[in-house]
Amino acid sequence: MRLRLLRSGFALLLVAVAPLHAARAQAPEPGSDTLGTVTVTATRVAVETHRAPARVTVLTRADAEAAGAETVADLLEARSAVFLKRYGPDGLATVSLRGGGASHTLVLLDGHRLSDPQLGQLDLSLLPAALVESAEVLHGAASGLYGTDAVGGVVALRTPAGETLGRAVVRTGAFGERGVSALAAARVPGTALTATVALDAARTQGDYLYTDSTAFDNETGTNGVTRPRANADRRQQAVYARLGGHVGRHRLSAGLLGTAADRGLFDYGASAEARQDDRALRLWADHTLAAGGLAVTTGVDVQRASLRYRHPGLGLDDTGHTRIAAIQTRAERVWRARGGTLTAALGGRLGV
């Protein structure tokens with residue numbers, strides 16, 4: 001009797017386990033809802049998200065379109081956990097991660113530093129979302145990989161590469177808002193190189209009514225005067241171009257990013273006259289040679305920027321200039337194993 005019960009129990013166990021084993025062995029059908037491979041830069045080399053040594057948020061072009069983002073600041077503010085500090089509706093927008101300041105969060109565009117080396121920050125409201133194909137936000141300290149300006153984390157922006165595409169967006173809205181963005185990318189015939197060009201131009205007036213509670217209304221005899229905002233206009237332009245790809249064991253990349261913005265710094269006084277003029281031009285070129293598991297990268301970058309603040313009413317007109325030229329080299333060896341990735345690197349940078 002006992003033997004018969006054991007046989008019955010074993011048979012029931014086989015019936016219960018068989019469907020689970022079959023479901024486990026069954027391959028997902030094409031078109032099923034499965035998560036594709038996602039790569040991140042948390043290790044400076046491509047790894048799957050679940051193997052990254054830190055929390056990583058990956059944003060795509062679809063996220064930017066769903067959020068209606070016009071700038072990178074809009075995208076990060078709407079679709080990530082980073083803190084965007086804005087200095088007024090049309091003013092500076094800087095990023096903060098893990099409680100650090102703007103100088104503690106590194107911003108990269110196709111692997112190149114964008115943060116101003118003098119001020120240690122970047123105005124993300126000047127970067128149009130149209131040129132970004134994806135964004136990876138690394139939360140937490142990454143100084144061991146990227147240096148002291150990555151204490152809070154890293155925002156890595158990427159433009160289209162290795163594909164042919166084109167898109168254009170025209171924007172319009174209240175208070176004189178007008179804008180246009182366009183991007184085109186295509187392979188260079190007969191090569192494995194891809195050329196990308198992006199343009200963006202926008203303006204806004206921003207002169208809606210507001211109530212100045214500090215002013216006295218003589219007609220009603222009360223505090224509070226309703227008036228249109230003054231000196232609240234903004235005009236900005238951006239241009240981006242990049243040529244990159246592989247030629248045998250050589251990986252080449254060259255690009256430029258130019259931004260310009262003229263905006264009024266609105267305050268709630270009756271004589272708002274302060275204005276700010278930002279202009280920056282960045283040029284870079286990189287060459288990487290990979291052989292036998294070793295990659296040696298040599299690059300140069302040049303940056304020229306100016307920031308002008310003027311207030312006619314106070315007699316102020318100050319301009320700060322930043323000019324940088326640098327050359328750097330880096331040798332890197334990566335060992336991959338089933339349990340993880342080991343990277344050894346040696347590099348140097350010389351700049352003026």
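Between D123 and R263, the closest heavy-atom pair is OD2-NH2, 2.6 Å. Scanning both residues, L183 and P160, for their nearest heavy atoms gives CD2-CG, 3.9 Å. The two residues A261 and Q236 have their closest heavy-atom pair at CB-CB, 3.8 Å. Here the closest heavy-atom approach between residue L281 and residue G258 is recorded as CD1-CA, 4.2 Å. Across every non-hydrogen atom of L59 and S80, the tightest pair is CD1-CB, 4.3 Å. Of all the heavy atoms in D63 and L75, the pair that sits closest is C-CD1, 4.1 Å.
A donor and an acceptor atom, one from each side chain of S125 and R86, are nowhere located under 3.5 Å apart. Of the N and O atoms on the side chains of D301 and Q303, not one donor lies less than 3.5 Å from an acceptor on the other residue. Side chains of R330 and Q328: no donor on one and acceptor on the other come within 3.5 Å.
One finds the OG1 atom of T164 at 7.0 Å from the CZ atom of R187 (value rounded to the nearest 0.5 Å). Between the NE2 atom of H287 and the CG atom of L252 there is a distance of 5.5 Å, given to the nearest 0.5 Å. Atom OG1 of T105 and atom CZ of F83 lie 11.5 Å apart (nearest 0.5 Å). Interatomic distance, CZ of R203 versus CD of E177, reported as 11.0 Å (0.5 Å rounding). T71 OG1 to L76 CG: the interatomic distance, rounded to the nearest 0.5 Å, is 8.5 Å. Note that CG of L265 and CG of N231 are 7.0 Å apart. Values are rounded to the nearest 0.5 Å.
By the 4.0 Å N-to-carboxylate-O rule, D286 lies too far from R251 to be salt-bridged with it.
The local environment of CZ in R61 is crowded, with over 12 non-hydrogen atoms from other residues, nucleotides or ligands closer than 6.0 Å. Within a 6.0 Å sphere centred on CG of L346, heavy atoms belonging to other residues, nucleotides or ligands number 12 at most.
Looking only at side-chain heavy atoms (C-beta outward), V72 and L131 stay at 4.5 Å or farther from each other. Contact check for H104 versus L97: no side-chain heavy atoms found under the 4.5 Å cut-off. Looking only at side-chain heavy atoms (C-beta outward), V247 and T191 stay at 4.5 Å or farther from each other. Looking at heavy atoms from C-beta onward, L257 lies in side-chain contact with W284 at the 4.5 angstrom threshold. The shortest side-chain heavy-atom distance between L307 and Q276 falls under the 4.5 Å cut-off. The shortest distance between side-chain heavy atoms of D110 and R158 falls below 4.5 Å. Using a 4.5 Å heavy-atom cutoff, the side chains of L114 and R282 are in contact.
Applying the ring-ring contact (aromatic ring centres under 6.0 Å, His included) rule to pairs touching residues 155-195 yields F175-Y208, sequence neighbours excluded.
For the side-chain hydrogen bond (donor to acceptor under 3.5 Å, both in side chains) criterion with S181, the lone passing option out of E70, R171, R167 is R171. Here the rule is side-chain contact (heavy atoms from CB on, under 4.5 Å) with E77, and of V95, L84, L124, V82 only L84 fits it.
Taking hydrophobic clusters as Ile, Leu, Val, Met, Phe, Trp and Tyr residues chained together by side-chain heavy-atom distances below 4.5 Å, L157 shares a cluster with L165. V239 and V132 sit in two unconnected hydrophobic clusters of ILVMFWY residues. Membership requires side-chain heavy atoms under 4.5 Å apart, directly or through other members. Under the 4.5 Å side-chain heavy-atom criterion for grouping Ile, Leu, Val, Met, Phe, Trp and Tyr, V302 is not connected to L122 through any hydrophobic cluster. The hydrophobic clustering, which links ILVMFWY residues whose side-chain heavy atoms are closer than 4.5 Å, places V58 and V154 together.
D262 meets the salt bridge (Lys or Arg N to Asp or Glu O under 4.0 Å) test with R275, R310; sequence neighbours excluded.
With T329 contributing its side chain and T297 its backbone, the two residues share a donor-acceptor pair below 3.5 Å. R349 contributes no side-chain N or O that, together with a main-chain N or O of A326, makes up a donor-acceptor pair within less than 3.5 Å.
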Full working for side-chain contact (heavy atoms from CB on, under 4.5 Å) between D317 and R308
CA-CA 7 Å; D317 192 342; R308 180 185 182 189; 2.7 Å; yes
Before giving the answer on side-chain contact (heavy atoms from CB on, under 4.5 Å), spell out for T288 and H250 the whole-Å C-alpha distance, their side-chain angles and the decisive distance to 0.1 Å.
CA-CA 6 Å; T288 299; H250 302 268; over 6 Å; no
Show your working on side-chain contact (heavy atoms from CB on, under 4.5 Å) between L109 and T159 and close with a plain yes or no.
CA-CA 8 Å; L109 179 63; T159 60; 3.9 Å; yes
Audit row: D278, T259, side-chain contact (heavy atoms from CB on, under 4.5 Å) steps and yes/no
CA-CA 8 Å; D278 300 78; T259 58; over 6 Å; no
